[in-house]
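From a predicted model like this one, the values you see are computed outputs, not experimental measurements. The basis for the numbers below is simple: all heavy atoms, side chains too, and nothing from hydrogens, waters or symmetry mates. Numbers for residues simply follow the sequence, beginning at 1.
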Amino acid sequence: MRYRLTFITGAAVGYVLGARAGRERYEELRKGAQRVAHNPAVRNTAETAAVNGRAMAGRALGKVGERLPGSVTSRIRSLREQRMGDEDDWGTSNT
């Protein structure tokens, strides 16, 4: 009950402070977030992390796949093949 009360209090305080800040502050925060998201260094880091994550997932699948039933392994492979041509959320190639 204490955690629920703390959460509700935090949400109420956040709402009040957000309402007082108004639309101008919201727009400032949104523009700042967009500048960060469109920064080439941030985009390159995110793409590198995505590529490394996919490589690690592939290696993990190789090790775990030996212990999974054949139907599960084939389903995972088919899902990976479907995904290979798509672009990721950042609009970069899936290489």
Side-chain angles (χ1 to χ4, degrees):
M1 184 66 183
R2 180 176 57 156
Y3 297 111
R4 187 176 298 173
L5 182 60
T6 303
F7 175 77
I8 291 170
T9 303
V13 169
Y15 177 78
V16 170
L17 292 177
R20 285 188 182 170
R23 183 71 178 186
E24 284 182 26
R25 182 66 180 144
Y26 168 77
E27 290 297 329
E28 288 176 18
L29 292 171
R30 188 178 64 81
K31 286 178 184 177
Q34 283 182 340
R35 276 195 308 270
V36 169
H38 290 104
N39 184 332
V42 173
R43 292 179 65 100
N44 289 340
T45 303
E47 184 175 355
T48 302
V51 168
N52 290 340
R54 283 191 288 273
M56 292 173 106
R59 285 194 299 265
L61 174 63
K63 292 187 184 231
V64 173
E66 298 169 358
R67 297 182 180 162
L68 293 175
S71 61
V72 174
T73 305
S74 64
R75 179 68 178 146
I76 292 172
R77 283 197 183 111
S78 69
L79 290 172
R80 287 182 70 202
E81 289 171 1
Q82 289 175 2
R83 179 79 172 132
M84 291 302 278
D86 294 344
E87 290 187 351
D88 61 14
D89 294 339
W90 291 91
T92 56
S93 64
N94 196 14
T95 57

Among residues at least two apart in sequence or on other chains, which ones pass salt bridge (charged side-chain N to carboxylate O under 4.0 Å, His left out) with Glu24?
none
Salt bridge (charged side-chain N to carboxylate O under 4.0 Å, His left out) with Arg30: which residues, sequence neighbours excluded?
Glu27
His38 and Arg43 have their tightest heavy-atom pair at O-CD, 4.0 Å
Nearest-0.5 Å distance, OH of residue Tyr3 to CG of residue Leu5:
12.5 Å
Name all residues meeting the side chain to side chain contact (heavy atoms under 4.5 Å, CB included) criterion together with Arg35; count only those two or more places apart in sequence or in a different chain, and write none if there are none.
Lys31
Applying side chain to side chain contact (heavy atoms under 4.5 Å, CB included) to Asn39 and not counting sequence neighbours gives Ala41, Val42
